[in-house]
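The structure appears right after this line, and notes come after that.
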Amino acid sequence: MTSTIDPSTIGKPPQRARRHVRTLTNFLPETDETGKEKWPRGDETVWKAAIRGVDTDVPSITKSVVNHVQTSLARQAYNLDDLGAYQAAAMSVRDDLIVNWNETQQHHSRKSQKRAYYLSLEFLMGRTLDNALLNLGLKDKYATGMNQLGFNLEDILEQERDAALGNGGLGRLAACYLDSSASQELPVWGYGLRYKYGIFQQLISPDGGQLEAPDPWLEHDNPWELPRLDVIFDVRFYGHSERLGNGRAIWSGGQEVLAMAYDVMIPGYDTKSTNNLRLWESKPKRGFDLNSFNAGDYERAVESSNSAAAITSVLYPNDHTGFGKELRLKQQYFWTAASLADIMRRFKNLDKPITEFPDYVAIQLNDTHPTLAIPELMRMLVDEEEVPWDTAWQIVTNTFFFTNHTVLPEALEKWPVPLMTTLLPRHMQIIFDINLIFLQAVDKKFPGDREKLAKMSLIEEGFPQSVRMANLACIGSRRVNGVAELHSELVRTTILKDFVDFYGVSKFSNVTNGITPRRWLDQCNPSLSNLISETLKLPKAVFLKDLYKLDGLLEHIDDPTFQKKWAAIKQSNKERLAHHIETTLGFRINTHAMFDVQIKRLHEYKRQTLNIMGVIHRYLTLKDMTPQERTKVNPKVVFFAGKAAPGYYVAKLTIRLIVNVARIINIDPDTKDLLTLYFLPDYSVSLAEVLIPASDISQHISTAGTEASGTSNMKFCLNGGLLLGTVDGANIEIAEEVGESNVFFFGHLTPAVEDLRYQHTYHAVPIEEKCPALARVLDEVAAGRFGDGSVYEPLLNTIRQIDYYLLTEDFDSYIQALRMVDDAYKDRVEWIKKSIRTTAKMGKFSSDRAIQDYAQEYWNIESTKIE
């Protein structure tokens, strides 16, 4: 489909009205004929005399905080509580961030350098104040200043609510990458949605089940965001699309919604570099309908307003209904359309030909959620900029990069064609056109291969047809990557194998995930960070920005004094967790027991079910022992935390079982001193920051070949917790770094999984023969030992009848691995050495390394120092 548009018109704006409403002014200053910057307005000397950075000595800090108490909060010392003190302190820190943010953006604009944009539907940021103070190097000064004002900084930090902008690893990975981008002084922006409620607040019902309540995290003003009333774009839904020939069309009618920007500043560590996370909120184009109201039709008067506001009301609306599906698709288009409009506006400020767009813009698609950005950019280029189709497609495929996060076929996103045709008629036309041209190329390379055409098509046949978003992301992107070496290999050899055959292997590569050591070592475990600094005789800024420096800890691994300090910090972190649980839930914890932790989103493939079955097996084994035999057993405390999707019935049953098992075993006089179990509700980044440093062992036990990478495994290991897991995801690379003798592996390997599933389906052996230990556990649950057994039948049947995730195949191996953990824990000196070695070898798993991989091998952007 080649256009005959005159090439001389490429890049010139069309005559019809532009789609954006109001936009931010350009950061790039004008210059005179000599190239000297011209001052934009007013008296330059007056402006420059007034422009200054924020003073950061303690008296200036207290003055700034008090000023915000008086002028921003309109309060006084007499009626200021901890929440008010937090808000004033946050706004004081924000002042510093704004100065750095302005200088960073102006610097990048002056250099006209290429920027990267990270599109993620989730950004699980955690609390901001502590992180900002650490990155700015101001925590001690603010602690002193707030103390002088009569407040304890730690109490103030507890007032902040976690930003509810994500659910799990996907969102936390995005947050780590933003931190590392700023710390590595890379020009990177994040784009997401400003959910009013975000992920739900998790409550536990009297029967042990999960209940979901709204999480109004914005009920108090969020001091970390800046509303951008001057950054607003139109986003259209529905309507009709009229083709004009040569690939172009006019999309009109339907519903128009406004996207308004909110900016969140992302400070780098030990640098002035401060990047941006831009979040979009949906607002009605036309608000209150006075005519309908006056006519007595109140519902119609607010219909437009409510419909628009719903788009950014909640993260991941339940898509088991037609309304939920449509709302999720609306969210994805709304976010990508507004982000691309903003990116295009910023590019046009450079006054470069549109064909140079990929030279200044790289866009990373974090999973398939932002895939609509591909047809949206095509629409903008072809319909609005009047770029020929082939030229536009070349621009698109040199701009986007796609990160795949799954190898589960059922997790690959698809959208019904009728829904997309109704909601986004122009985009459905573009997708059909892209598919036609692409399949012609596939047929030319593999003539007559109908099966390959069917598998590679963007359209999956069925009733109704569906759009395969992973296929679209793959063909519309310059490069595709997985997030661990095993995962990337599985992507190349399974779900995207046909695309590898078509494009060649060079398009498909790997970037192993990473975590930011600032939050996941220095912030969550300051005592350990201080010990490392003291031992290595290095400032924190050195090893927190070059995590490979931790390797120097190996020189001290046999030092008894160092071992004692290391063990004392672990014990202190256990006591901190125990204090948190006692004050929030009322449970008293044995801090001298082994702490065993699994904290993840609840999903069958992550196998929390295997873990709780293992806990029950341990309990039954203890009950079978004599009192004398029990004296030789390691005391153990098992922690679970994580949320199940509201519509995921089996995952919610797993939570119910965990809670009810805990209610029985925690009061059993025979075993309560040797085994206790806790489900900690409402899992968040802040809770993880307390749990992770306290762990002795953490469990990462997905069925081999199902976990893309994992990042919680990296966080635990960085904090000296040992790893119990399957040979899956990043577990493999962690073991390669720390040594397999310091990791407890179990279970079948990936190549065996499909054969085992086949045997279980067609040559099933009764579970009583295959795995008697697990059969006994299931029988005890079904018999009502932990409450009404009939409630758990659907969960038990997933193991007895289907067992897709191979619990029966791996259970005996899992129990043996747990015994190995018990045996290893008895030798406390050797265990501490394993802990030290694990931390020392985590250099590879910094998100600084990962973001530099993207910057250098994918985006082609450079770090730049902000003076």
Side-chain angles (χ1 to χ4, degrees), residues 1-3 5 7-13 26 28 108-109 111-120 177 181 186-191 247 275 278 336-366 370-403 427 430 433-434 437-438 441 472-481 499 503-504 506-509 511 851-864:
M1 184 180 299
T2 304
S3 174
I5 295 175
S8 66
T9 66
I10 295 176
K12 293 183 179 179
N26 189 9
L28 197 62
H108 291 160
S109 295
K111 288 180 69 72
S112 299
Q113 64 189 122
K114 185 177 185 179
R115 302 191 198 209
Y117 300 96
Y118 198 84
L119 270 61
S120 179
Y177 282 169
S181 296
L186 291 164
V188 176
W189 277 36
Y191 278 104
N275 285 342
R278 179 156 285 179
T336 54
S339 301
L340 276 174
D342 196 41
I343 293 167
M344 181 64 76
R345 185 266 309 165
R346 192 170 298 109
F347 168 76
K348 286 193 170 186
N349 286 336
L350 300 174
D351 198 27
K352 301 289 184 180
I354 196 71
T355 50
E356 294 183 17
F357 189 81
D359 298 331
Y360 292 89
V361 174
I363 301 175
Q364 188 72 37
L365 307 177
N366 190 29
T371 303
L372 283 171
I374 291 171
E376 171 64 6
L377 183 54
M378 279 296 290
R379 188 195 67 78
M380 294 170 68
L381 292 172
V382 173
D383 295 352
E384 295 187 355
E385 305 301 329
E386 300 185 358
V387 177
W389 179 277
D390 291 347
T391 304
W393 185 243
Q394 187 175 14
I395 292 170
V396 167
T397 53
N398 281 296
T399 297
F400 289 105
F401 301 84
F402 169 49
T403 299
H427 298 76
I430 291 172
D433 291 345
I434 292 171
I437 297 168
F438 174 67
L472 178 57
C474 181
I475 72 170
S477 297
R478 184 170 180 174
R479 295 190 71 182
V480 178
N481 72 279
F499 294 91
Y503 288 108
S506 61
K507 180 170 178 170
F508 302 85
S509 53
V511 178
I851 208 68
Q852 283 290 356
D853 285 351
Y854 280 113
Q856 296 173 23
E857 300 176 23
Y858 292 72
W859 305 334
N860 192 28
I861 61 173
E862 296 179 348
S863 299
T864 176

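Quick note: numbers below take in every heavy atom, side chains included, and nothing from hydrogens, waters or symmetry partners.
The structure places OH of Tyr177 at 6.5 Å from CD1 of Ile851, a figure rounded to the nearest 0.5 Å. For the atom pair NE2 of His427 and OG1 of Thr336, the computed distance is 7.0 Å after rounding to the nearest 0.5 Å. Here the CG atom belonging to Asn860 is positioned 9.0 Å from the CG atom belonging to Asp359, to the nearest 0.5 angstrom. Put simply, OG on Ser477 and OH on Tyr503 are 9.0 Å apart, with the number rounded to the nearest 0.5 Å. Annotation: the span from Ser112 atom OG to Asn349 atom CG amounts to 10.0 Å, rounded to 0.5 Å. Atoms CD1 and CG, from Ile430 and Leu377 in turn, are 9.5 Å apart once rounded to the nearest 0.5 Å.
Looking only at side-chain heavy atoms (C-beta outward), His108 and Val188 stay at 4.5 Å or farther from each other. Looking only at side-chain heavy atoms (C-beta outward), Ser109 and Arg115 come within less than 4.5 Å of each other. By the 4.5 Å heavy-atom criterion applied to side chains, Trp393 and Val382 are not counted as neighbours. Between Ile437 and Trp389, some side-chain heavy-atom pair lies under the 4.5 Å cut-off. Here the side chains of Leu381 and Met344 are in contact, with some heavy-atom distance below 4.5 Å. At a threshold of 4.5 Å between non-hydrogen side-chain atoms, the residues Thr403 and Val511 do not count as touching. Within the 4.5 Å cutoff, the side chain of Leu365 has heavy atoms near those of the Ile374 side chain. Tyr191 has its side chain out of reach of Asn366: every pair of non-hydrogen atoms, C-beta onward, lies at least 4.5 Å apart.
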- request: Tell me, with the steps shown, if Thr371 and Phe400 meet side chain to side chain contact (heavy atoms under 4.5 Å, CB included).
  value: CA-CA 9 Å; Thr371 303; Phe400 289 105; over 6 Å; no
- request: Report the C-alpha distance between Ile343 and Arg278 in whole Å, list the side-chain angles of each, state the deciding distance to 0.1 Å, and finish with yes or no for side chain to side chain contact (heavy atoms under 4.5 Å, CB included).
  value: CA-CA 11 Å; Ile343 293 167; Arg278 179 156 285 179; over 6 Å; no
message: Let's go through Ile354 and Thr391 carefully: what are the C-alpha distance in whole Å and the side-chain angles of both, what is the deciding distance for side chain to side chain contact (heavy atoms under 4.5 Å, CB included) to 0.1 Å, and is it a yes or a no?
response: CA-CA 10 Å; Ile354 196 71; Thr391 304; over 6 Å; no
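Ring-centre distance between Tyr118 and Tyr854: not below the 6.0 Å cut-off.
Within a 6.0 Å radius of CD in Gln852, other residues, nucleotides and ligands contribute more than 12 heavy atoms. More than 12 non-hydrogen atoms from other residues, nucleotides or ligands lie less than 6.0 angstrom from CD of Gln113.
A pairwise comparison of heavy atoms in Leu119 and Pro370 identifies O-CG, 3.7 Å as the closest pair. Listed here is the closest heavy atom pair of Lys114 and Trp859: NZ-O, 2.8 Å. For Cys474 against Phe402, the heavy-atom pair with the smallest separation is N-CD2, 4.2 Å. Nearest heavy-atom pair across Ser863 and Leu186 is OG-CD2, 3.3 Å. Taking each heavy atom of Arg345 and Asp342 in turn, the nearest pair found is NH2-OD1, 2.7 Å. The two residues Arg479 and Ser509 make their nearest non-hydrogen contact at NH2-OG, 3.0 Å.
Of the charged side-chain nitrogens involved, at least one lies within less than 4.0 Å of a carboxylate oxygen, so that Glu385 and Lys348 count as a salt-bridged pair.
Partner of Thr399 under the side chain to side chain contact (heavy atoms under 4.5 Å, CB included) criterion, chosen from Thr397, Ile395, Val396: Ile395.
Under the ring pair (Phe, Tyr, Trp, His ring centres under 6.0 Å) criterion, Phe508 pairs with no residue at all, not counting sequence neighbours.
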